[in-house]
Amino acid sequence: MMSTLRRLLPLLVLSAIGFGIYLGAKHLTTFRFEGWNGPQEESRMAAAVNADMSGYSKGGRHAVAVLVTDTASDWLGLAHGLKTIGVPFILTRDVEQAISHKMVLVYPAMSGKLLSGDALRALAAHPRNGGTLVGFEILGGGMNEVFGFGEFSASRNRKSMRFAAASSGTSVLPDADDAEVSLSGPSGGVPSYAFSPTTGKPAALYDDGLAAAVQREHAGGGKTVAFGVDLGAYIAKAYNGRQDLGRRYINAYEPGVDTFLRILRGMYRAAEPMAVTLDTVPFGKSASVIITHDVDYTRSIENAVRYAEFERAQGIVATYFIQTKYVRDWNDDIFFNQHGAELTRQLAGMGMEIASHSVSHSRVFSRFPLGDGKERYPDYTPRVTGKEEAKGGSLLGELRVSRFLLQQAAPGSAVESFRPGHLEYPFDLPQALQATGYRFSSSISSGTALSHLPFRLNHGRANSAETSIYEFPITIEDELQRPMTGRIGAAAAVLDRLARYGGSCVVLIHPDVFDDKLEFLKGFVADAKAKKVWFGTLSGFGRWWSARDKVGMDVRRSGSRMELELQFEEAVSGLSVQVPRGWTLADDGKSDSDVRQDGNQVTLSHGPGSLQLVFEAAR
């Protein structure tokens, strides 16, 4: 017996050691990549610097003029909205400069306290001289009569406003869902003014039946339009996620901001014979579709490659937001290890975008401390300890370390895009993204942003200082209802509405299973291709959008010809502009660039510098 034990003892010891190693690997709390240590550079947060109107003061006389009567207003929200919809504009404090333009927006208010008597008289004469004058808060100064209303009443209790067909440029809104704008949500409503029309006609009505906008045609061929909602503040609240005004959070069409912007664009095109606007989709396609996947579960990293194989077979690319889960905690086991890093490299090699989905994927990410900007792997070890609990995490740590690890795993990947777990949205996120090398965010739903178009983010999600970060709201996601195959028709209907005005559709699908989710993706992609949309990654669309955002335009008449000059700070491929009907690109006006015209849409590609296009105009 003893001799048998002596013979078996070495085997028992080896077995115990092996079992211990197995247990240690299975219950490893932190995975360490050999030789990976970083990022070495520190991340420094830039101080908030209030935006200066002078940055938006340059432009030709055929642009919209925004006369800012109070610089403490939300003019930056209005500026970002006009940028998004592609309407050229200038901001000015000079009334004489403003009325030299065909279309003038007086923002935020028009009254004897903010404008002199001479200024008010000059503005009153503008529609009589054939111009279009738009006002928001019209508080006396004799301007009520100019806009065609008598009394007005203020309220915060109105829930919505609906535009009348074919008024105020609303003929560009073909769907009933487009015409209604939500003004109230769970956190309350926005301030609004109701008008009592006299010589003007209601262009929109509140849910209480009172006039929300009044339009008046003037003898000189001009027009006045009074809006009862502060549009700059409305856009700022929505873009910055400061007030929940949407009727539907996600998986639906919720275009409140877009509706306002499309109306202004329609008014501009009607008011200015030489109106040229920028399209919102690359290469003049009907809509932009960005397929994204949140990889935040053990099985998801395994399944992601199969999703990517389908996408590559379809000739499209997608964005993979990958959680760098190297810490075992309450949420899940470790899956960003050597195998996870290899799968990440495979995805990058298939042409997919590698993007960050944080380290910890915590539900309390928005309550994480900012951090010191020195957080490094492997010392940074945040742990989720419960559904509403986490320890050791910081905002900068989540951004810095996840980006570093993804760049190590997939050399050559820029890792420019970020999406927080559970769409937790800290107020410091925009400037923290900028400090840590990101360029693009997808952190908010379209129902919260009230928009299906990208827009620029502000410091602290406030409305005084800008960042360089652009937000791309999510329209469709996979957690509403299963099986997802039952929602292909509803998603296709949303995309159909977006295709009517060049909207963008960001789709979020977790690759945790195949089944109905992959089948949904197949059906949605087939429908999108039939609508001739543009497919791309978030960073691909983001770089195009960022370059578009910096394009300057000026239009001049030269005899019977029209000269369009475009200024490019960055190279852009597939930029489309809308020119007035009847303009035809002259043979000698095409330059040596890649330029083509289809109706009143001109699509071009150009590097940094200027480009001049010459058009013949039909009589």
Side-chain angles (χ1 to χ4, degrees), residues 43-51 72-81 84 185-188 190 232-246 249-250 257 321 355-373 375 382 384 388-403 416-451 454-474 542:
S43 298
R44 298 186 179 183
M45 300 276 283
V49 178
N50 287 349
S73 65
D74 287 310
W75 60 263
L76 188 57
L78 184 58
H80 283 176
T84 285
S187 56
V190 298
Y234 184 82
I235 294 172
K237 287 178 185 293
Y239 278 2
N240 294 312
R242 286 282 181 169
Q243 188 171 354
D244 188 2
L245 298 171
Y249 175 68
I250 205 166
V257 168
F321 288 98
S356 170
H357 198 38
S358 79
V359 175
S360 65
H361 198 267
S362 170
R363 290 182 182 273
V364 293
F365 175 59
S366 60
R367 301 203 298 267
F368 276 17
L370 178 61
D372 61 8
E375 296 88 346
V384 175
E388 299 290 332
E389 299 174 353
K391 295 180 179 178
S394 70
L395 173 52
L396 290 172
E398 295 290 295
L399 299 176
R400 284 168 50 83
V401 173
S402 61
R403 184 169 187 258
E416 297 177 307
S417 306
F418 177 80
R419 175 179 291 154
H422 309 288
L423 300 189
E424 283 285 303
Y425 198 12
F427 287 105
D428 284 331
L429 183 60
Q431 59 267 32
L433 289 171
Q434 182 173 281
T436 49
Y438 293 89
R439 297 183 63 190
F440 314 113
S441 165
S442 185
S443 305
I444 193 171
S445 74
S446 55
T448 299
L450 299 178
S451 177
F455 51 86
R456 192 171 176 179
L457 286 177
N458 289 339
H459 193 285
R461 291 169 49 199
N463 199 34
S464 57
E466 299 170 298
T467 70
S468 60
I469 306 299
Y470 289 86
E471 172 64 31
F472 298 80
I474 305 163

Report task. Give, for atom CD1 of Ile250 and atom CD1 of Ile444, the distance between the pair rounded to the nearest 0.5 Å. Result ->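 It is 10.5 Å, given to the nearest 0.5 Å.
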Requested in this report: First locate atom CG of Asn463, then atom CG of Leu76, and finally report the distance between them rounded to the nearest 0.5 Å.
Outcome: 5.0 Å
Where the side chain of [X] meets the backbone of [Y], is there a donor-acceptor pair that is under 3.5 Å apart?
X	Y	answer
Arg403	Gly437	yes
Arg461	Asn240	yes
Arg400	Glu375	yes
His459	Thr467	no
Gln434	Ser468	yes
Ser445	Tyr249	yes

Query raised in the report: How would you list, by chain and number, every residue that makes a side-chain contact (heavy atoms from CB on, under 4.5 Å) with Glu424, sequence neighbours excluded?
Result: Phe365, Ser366, His422
Search all heavy atoms of [X] against all heavy atoms of [Y] and return the closest pair with its distance.
X	Y	value
Leu396	Met45	CD2-SD, 4.0 Å
Gly188	Leu245	O-CD2, 3.7 Å
Val359	Glu398	N-OE1, 3.0 Å
Pro473	Pro454	CD-CA, 4.4 Å
Gly393	Pro382	CA-CB, 3.7 Å
Pro430	Ile469	O-CG1, 3.4 Å

Taking the side chain as every heavy atom from C-beta outward, state whether [X] and [Y] have any atom pair closer than 4.5 Å.
X	Y	value
Ser442	Ile474	yes
Phe418	Thr436	no
Phe427	Arg242	yes
Pro426	Leu429	yes
Ser356	Tyr438	yes
Tyr470	Arg456	yes
Pro420	Ser443	yes

**Report entry** Non-neighbouring partners of Asp428 that pass side chain to side chain donor-acceptor pair (under 3.5 Å), sequence neighbours left out
**Finding:**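 With neighbours one apart ignored, the set is Gln431.
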Report task. State whether a side-chain donor-acceptor pair under 3.5 Å links Ser360 with Ser362. Result -> no
Report task. Consider only side-chain N and O atoms of Glu466 and His80, and report whether a donor and an acceptor are under 3.5 Å apart. Result -> yes
Distance-only donor-acceptor hits, side chain of residues 232-239, under 3.5 Å, sequence neighbours excluded:
unit_1	atom_1	unit_2	atom_2	d
Tyr234	OH	Ser182	O	2.7
Lys237	NZ	Gln243	OE1	3.4

